[in-house]
A.B. asks: 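One structure coming up, written as structure tokens, with questions to follow.
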Amino acid sequence: MRQCFTLRAPVTVLQGVGEKKAQAFARLGIETLGDLLCHFPRDYEDRSHVLPIAAVPAGEAACIRAMAAGEARLTRVRRGMELVRLRAVDDTGAVEITFFNQSYRKDQFRTGETYLFYGRIEHNGARRTMTNPEFEPADAAGQVTGRLVPVYPLTAGLSGRMLSAAVRQTLDGCAEVPDALPEPVRAACGLCPAREAFEQIHFPTDLAAVSRARERLIFEELFVLAAALEQLRGQRAAQPGVRYTQTDLSAFFAALPFAPTGAQRRAIAQAADDLCSGRAMNRLVQGDVGSGKTLVAAALAYLTQQNGLQAAFMAPTEILAAQHFETLSALLAPLGVRVGRLTGSMTAAEKRRARQALAAGETDLVVGTHALISGDVTFARLALVIADEQHRFGVGQRAALAAKGRQPHVLIMSATPIPRTLALMIYADLDVSIIDELPPGRQKVDTFAVDSSYRPRLEAFIRKLVGEGRQVFVVCPAIEENETLATPLRSAVEHARALSETFPELRVGCVHGKMKPKEKDAAMAAFVSGETDILVSTTVVEVGVDVPNAALMIVENAERFGLSQLHQLRGRVGRGSHKSYCVLCSDAKGETARARLRALCKTSDGFRISEEDLRLRGPGDFFGARQHGLPAMHIAGLCTDTRVLQQAQQAARAVLARDAALQAPENAGLRRRIEALFAARAQTFS
Ligand code: ADP
Ligand code: MG
């Protein structure tokens, strides 16, 4: 009987998918049949050409068609190692097939049957051998060998063949594969229909078909995203923002302890123009670590107060919120701005009072974390939201903010330099100010890449610097639970203990992600105030923390960090008048790893580093766990051709220009996809 599924059905509707297997699918992020179709192969193996055994060149992977010439035999060698051996023959020769530690293979062959084997053939004198090949009976139904075979990202309990079978069932069982591309767009761009694309990406007839399918799916993904952004932009243009009328910043500038840089002045002027335009501002301020972005925020918060309105400043962590509260209070309170704070570590009573002050309009600027714009916080006259170190404040979050029925001005600040293609996608609905100038007098941070043999010298250097009154950051990679690695990684806690033993005369503090916010704050505060000399931490110090007295940043297992991340870490020192250093410790031997660290020693330009990072690591890792706030891209890599992106953007604009609400029947698929996109994002936001 032919079944009928929709793509929203859970994978358990498939035959042979029970609870256990559903869990394995879930580990791959696959819950529904739709997810399953979007679990794309990461590569293909060409098993379409079956070669005679004698014709396979040494060391090459190939598909052979051979008969089991006898029983498969199980032998035990050395401690616990089991081998299953099978001799297989065709007209041209014989090959000895070995499976390691897969004793169950012994019973999977029948003498005289013919099988397709896929694997690497080695020549051993006249002998031919093949180890752990993939295989199946030559006449099996739904046969995958002997053609172009998809290679999927897999997990324990799910083989590539099981995935293929599940996808096959889905495609056969779904009467309709919804298409997010409106028919006219699809036809105009010469792209294939959705069903065909899915069919070919999973069961390709040849490589040309794969690239046609990819082309279509990439286009679709970018098109949906572009359309979503275009809709946001449209909604924004339709919604007026509070118009500021007071624009005099002279008192603010006069009160500064330093002269703002030209770039800071420019960014402030651009944003101030937005605030006076009557249209809601959506501006990104991008500038390398230490370029002084906080000043831009302070200037705008001041203007907001001058206009009798309220501003909210959101930091990514409690520690940063505390620090920004200090900085902004020091700068703005003398000018009459009432600065408040709202963070998770405050007592219930403190929070209540802070909320009341906001609701009553008695606070002009509130500093806190993302909790500020979620849930039960009400503002009397919220006009400006500032998001610091924004990579977590993406498209969907902005959509959610708009959906709350308020349309405050939004200023996003980021030190993460973003390669151009990426910026086009993430910030397509934003205006951008770039701070490309560091405050005068900044010294270059001398950077060194060293291995363990350097440790005694490093210890002497720590003693010397601390003896001169400086402080030291030591960063260890965050260690995920049940991570097993060949090389011992330095965990923050253990390393802090080791350092206390090495330096009994110094005070060593420790901060890591598993600590309670209160403990974290206390340890951080002790370092900021100079009570501790050395602060060992995971990357919680990555963004924004300002300790001008810190002159040395040591990164352990530096090979575990992204270049941009290391650059951010390095930006934690060299913020005061002291000559500062960054030491990257790594025993990694690989040439790429060494090359990456060398690149960092050579340059201090954040944009150059980000391009290099993207080139060396590929886009997948770029921000770590999807910090860019973009919906997960299944297929369109973040390095995708700008041309396709622009084409998709143009097409999306044209569709929305004709049908802003996407009411036309041909746009229904697109409308549903955009709704799903925002729904998924809004959830992660709250
Ligand atoms: P980031 O862009 O990384 O957020 P901050 O705003 O934290 O940078 O500024 C880094 C440091 O530079 C702070 O200590 C700040 O007081 C100082 N600073 C900012 N602007 C200037 C300036 N124009 N002249 C001198 N120092 C400045
Ligand atoms: Mg900052």
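Indexing begins at 1, ligand by ligand and atom by atom, following the structure's order.
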A.B. asks: My understanding is that only residues two or more places apart in sequence, or in another chain, count here; which of them pass side chain to side chain contact (heavy atoms under 4.5 Å, CB included) with Lys602?
C.D. replies: none

A.B. asks: So is Gly292 polar-close to ligand 1, meaning N/O to N/O under 3.5 Å?
C.D. replies: yes

A.B. asks: Check whether the ring centres of Tyr454 and Phe448 lie less than 6.0 Å apart, and answer yes or no.
C.D. replies: no

A.B. asks: So is Gly290 close enough to ligand 1, meaning a heavy atom under 4.0 angstrom away?
C.D. replies: yes

A.B. asks: Heavy-atom contacts with Thr261 under 4.0 Å: which atoms of ligand 1 show up? List them by number with element.
C.D. replies: 23 (N)

A.B. asks: Cys585: what forms a side chain to side chain contact (heavy atoms under 4.5 Å, CB included) with it, not counting sequence neighbours?
C.D. replies: Val450, Arg455, Leu458, Ile554, Glu556, Val583

A.B. asks: Below 4.0 Å, non-hydrogen atoms only: which portion of Ala259 touches ligand 1? Side chain, backbone, both or neither.
C.D. replies: backbone

A.B. asks: Honestly, is Arg572 close enough over Phe473, meaning NZ or CZ under 6.0 Å from the six-membered ring centre and within 45° of the axis?
C.D. replies: no

A.B. asks: How does Met413 reach ligand 1, if at all, at less than 4.0 Å between non-hydrogen atoms: by side chain, backbone, both, or neither?
C.D. replies: neither

A.B. asks: Between ligand 1 and Pro257, can you find any atom pair, the residue atom being a heavy atom, that is separated by under 4.0 Å?
C.D. replies: no

A.B. asks: Of all heavy-atom pairs between Met413 and Ala297, which one has the smallest distance, and what is that distance?
C.D. replies: CE-CB, 3.8 Å

A.B. asks: For ligand 1, which atoms sit closer than 4.0 Å to a heavy atom of Pro439?
C.D. replies: 20 (N), 21 (C), 22 (C), 24 (N), 25 (C), 26 (N), 27 (C)

A.B. asks: Verify the distance criterion only: is there a donor paired with an acceptor across the side chains of Asp274 and His409 at less than 3.5 Å?
C.D. replies: no

A.B. asks: Could you see which bit of Pro260 sits under 4.0 Å from ligand 1, with heavy atoms only: side chain, backbone, both or neither?
C.D. replies: backbone

A.B. asks: Quick one: do the Asp605 and Thr603 side chains pair a donor with an acceptor below 3.5 Å?
C.D. replies: no

A.B. asks: May I ask you to list the atoms of ligand 1 that are less than 4.0 angstrom from any heavy atom of Thr294?
C.D. replies: 4 (O), 5 (P), 6 (O), 7 (O)

